[in-house]
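Worksheet: the structure to be examined is printed underneath.
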Amino acid sequence: MTNAVQRVAVYGGGVAAAMAALAVSRAFARLGTDVVWIDTGKEPAPHAALVAPPDLATFHRLLGIDEAALIAGSAATINMGQQFARWSGGDGAFLHAYGDAGSAFASLPFVQHWTRARQAGLGVALEDFCLAAAAAKQGRTGSLRESATQQAVKQGWYLDAAGYARLLRAACERADIRIVSGAGAVVHPNGGRLDRIDLSGGEQLDADLFIDADGALIAALDPDGAAARPGFCDRLIRGSAPAFDPLPLYGRVVAHSAGWLAMVPLADRTAIEFAYDSRLLSDADASGALAATIGRAVDAGSPVALEAAARPRPWVGNVVALGPAAGDAPPLDGGELLLLQLAIAQLVLLWPIDRATMPEANIYNEEIAGTWARVTDFTAQHFRLNARIGEPFWDAARAAPVSPELASKIDLFAARGMFAHFNHEAHVEDSWALVMAGHGVIPRSFDPQALLVEDRALMAEFQRQLRAVASDVHAMETHAEALRRMRG
Amino acid sequence: MGDKFELVIVGGGTAGWMCAAACAAKLDPTRFRVRLVESEEIGTVGVGEATLPQMKDFNDFLGLDEIEFMQATQASFKLGIEFINWGSEGDRYVHPFGTFGRPIGEADFFSYWIRAHRAGTAAPLSDYCFPIVTALQNRFMLPSGDTNDVRNAFAYAYHLDAFLYARYLRSWAEARGIERVEGRIVAVEQDGERGDIAAVKLASGTRVAGDLFVDCSGFRSLLLGGTLGVDLEDWSHWLPCDSAQAVPSVRSEDFTPYTRSTRRKAGWQWRIPLQHRTGNGYVYSSADISDDEAAATLLANLDGEALADPRVLRFKAGKRKQAWAANCIGMGLAGGFLEPLESTSIYLVQMAIMHLLALMPSEPSIDPALPAELNRVMDVEYDRIRDFLILHYIANEADAPLWERVTAIDLPDTLAGKIERFRHRGHVQAYRDGLFGPPSWQAVFVGQGIEPRAADRLADVLPAATVNERLQNLAATIADAAASVPSHADFIARYCPAPAP
């Protein structure tokens, strides 16, 4: 491999740079690839917390991050899903849990039978047939050796961002990744590639491949490459409230007349994010609105601008932008860590063969653009499907344009309870079903093959599934027991 | 009866009876009335037909008995397609119904093969594929059922007489309540307002009305293309063959559990072994060879005596712009045509049926999201197959006028760049839906002489000696396993012998 990538420089701070450096080092240091992390010192914002979808738990195994360290170092708690409250007006709520939307029956997805029964007057919500949702609501988690439902129950994490960044940094140090300060670094682009980065101490760092978790490197190569994406809120307040006791297994996203508020349960505090439209709620009034919505004391920071930009071409020349440098992830559903993880995994998968040409950039950019689009769709559905009729913020959110793919998904689910699948889907179809049904979309019709099941047999199956959910929940462990077990 | 949803299938070839059988199996007869209109005056295009493993899923979905089905259709087994002279004169390779290799380390098997192949220490790719090794020895067995056994790592399909399959499904569907209406359609009535098809009128004067029509009328596309005027999206600039001649011959000693496709001057020749005879045909571009010369070429290249005169078929590659327009869905040849180079005809019918069943309207006013989804997914299916067929054409020596032209065409956007990406690092995009996953692309690329210059770097982590040892062991395991498999002819004679016709 005479033209192999031998030297890699990761530029940036916080979670994204550390995770990229660690992943690349663990994959390619064995082949003699040298990884340097130029730490810009940028740390996660005060109060920031992260929602890690279940995929990250798998990725942690590749990174060598264990559960005990997460619990000890980043105040981690188990994430079984997100509850959405007041998105339909009123005080109603639903839970998007990481699990199955009922159990398939008579060779058809459960949603088809559920739709048929709804038309016949059944009043039970789809999520009541979901073991993960029922368990999360009753404070139960873990996997069962013998399950009556046979349903999947997947777990992600809630993480303190600063603690998680420290933990990843310590893992980089253990992996012998050289970490240098990026303060005062000067970037030297040349002919569509990056030549080198001059550090303030005098060292000139040239690398075959630069991974940019900051944004400065990609901006030097492609200054016009970032495009604004429409967002609903322009302000964000982060804060902390006392921890819940007992610790819930799900976070909560509450719709507010001028935006939304997310509560992320951590072991030692509840992290708060309050996003709003400053045209509808002044910064001066925002902290009062926040306290009123939470109903308890909040230690809150000042409002910051909430950005929404994206880079359609995150890999240019020998620079790959990821994390915040690739764009602002959708603000809900764990989009930030999901996209970061998928970007890093894709980069490892497409690790360039020839450092001089890197045609992998085009493949990577196509794959990542597709992934971004689908992950963005998942969050956009909440805004599209909100039913807070008559409130200017929410009326505008409902009317805002969505991608043709999301429009097809919603149309088809509303018509038939089925899923229009595209390439690069990052969320499973049962998650889509739980969220769309949770937002109040009841399919207008169902697959006629469901009619081969007789009414009585269908009712018996529904009762069986509800009993199976109850008995499985009963056999699961509590959140505290699960955390204690994982601490070892 | 007036409350039932009325479904009318027009045309009783393979597509029509497959659709009728699926409706018989999966629609509630108290809510759906299904009728099939066909005329004994109109022949079907049934020739020896090769299929894909999905056909077994379809038969299982209906609940057909495999042995009975194979006996009724003179069927044999199929483990893949052998391509001869594709790439360059004298080359041969098999596109199998299975993957190559098994896991060796962190990278995928193909990456390790590339690495060892570049180092000169690998056997040919086909030696790491149980269905290929087995097929080329004319052996066959059903998958062993043991997931640790290489003799389980494959799927299989059938060669069958499509005419007999339609006849078999007809009796199966009629026994389950599907009404067959005999008659030639002389007129189609449309609903004034939306242009929906209201009824078809038969020569006898009988009027067959319906809420939804399935057009299985063949190339004519009587309702979809004819009445509703849905045009064919013409793909003949990419796939220029427009004619075929088909002829059966006496079954030969060489009873292959695979289809054979041999590249010729103006197209390619198929060979499909059935129990009672061998199906043959020459697919060609009429601009490059006369019908007479094509027939002579075909007859000169049979491995058994011809049982009839060659029959000529004309077609054009393409797909109707919408598979579902108004209240009519086109299936089979009425919906589009792609030459049988990868045995996709029945698969496309099957996909249209499965999607239609799931998206079947529940009332005469059709929710527009339903046809939108069927059209979207059928477009995906057609586009994927089209690109894979074009790949076979473009990766060839320009050794005749047809091959000079096709190797120089402008590619569809969806195919452009794929060859360079494969050459660079063996890259194949994995799709979620649609036919032809990475192993199929790998088989055709490598088989037609397009070889990667490098592999996934993760394949470099294991020491070369370890990789070589694992490759050798795997090839030896496969060779030994294949030697234990009975001959295809013996297996069929024991498992599902069909009566002489």
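Everything quoted here is computed from the prediction, not taken from an experiment. Letters go in sequence order (proteins before strands), and every chain restarts at 1.
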B:Asp413, CG atom: more than 12 neighbouring heavy atoms under 6.0 Å: no

field: Portion of B:Pro368 that has a non-hydrogen atom of chain A nearer than 4.5 angstrom
entry: neither

- prompt: Of the backbone (N, CA, C, O) and the side chain (C-beta and beyond), which part of B:Gln429 lies under 4.5 Å from a heavy atom of chain A, both, or neither?
  reply: side chain

query: Would you say the side-chain atoms of B:Arg376 pair up with the backbone N or O of A:His421, donor to acceptor, closer than 3.5 Å?
result: yes

- request: Answer with side chain, backbone, both or neither: which region of B:Ala358 has an atom nearer than 4.5 Å to a non-hydrogen atom of chain A?
  value: both

message: I need the A:Arg444 CZ to B:Glu363 CD distance, nearest 0.5 Å.
response: 9.5 Å

- line: Listed by number, the residues in residues 403-415 of chain A that come under 4.5 Å of chain B (heavy atom to heavy atom) are A:Asp411, A:Leu412, A:Ala415

Portion of B:Glu420 that has a non-hydrogen atom of chain A nearer than 4.5 angstrom: neither

- request: Measure distances from B:Ala25 to the heavy atoms of chain A and classify the residue's part below 4.5 Å as side chain, backbone, both or neither.
  value: backbone

- request: Count the heavy-atom pairs under 4.5 Å between each of A:Ala420, A:Ala450, A:Pro352, A:Ser445 and chain B, then report the option with the highest count.
  value: A:Ala420

message: For B:Arg425 versus A:Trp351, what's the shortest heavy-atom pair and its separation?
response: NH1-O, 2.7 Å

statement: In terms of heavy-atom contacts, B:Ala455 and A:Ile353 come closest through O-CD1, 3.1 Å

statement: Heavy atoms of A:Leu451 and B:Arg31 approach each other most closely as CD1-CD, 3.2 Å

- request: Grab the two heavy atoms, one from A:Phe419 and one from B:Glu373, that are nearest each other, plus how far apart they are.
  value: O-OE2, 3.9 Å

- line: Counting heavy-atom pairs under 4.5 Å with chain A, the top scorer among B:Leu357, B:Leu27, B:Asp28 is B:Leu357

query: How far does NZ of B:Lys26 sit from CG of A:Asp447, to the nearest 0.5 angstrom?
result: 10.0 Å

Part of residues 19-36 of chain A lying next to chain B, heavy-atom separation under 4.5 Å: A:Ala27, A:Phe28, A:Arg30, A:Leu31

message: Contact between B:His427 and A:Glu360 at the side-chain level, heavy atoms closer than 4.5 Å - yes or no?
response: no

task: Answer yes or no: is there a side-chain heavy-atom contact under 4.5 Å between B:Asp367 and A:Arg416?
output: no

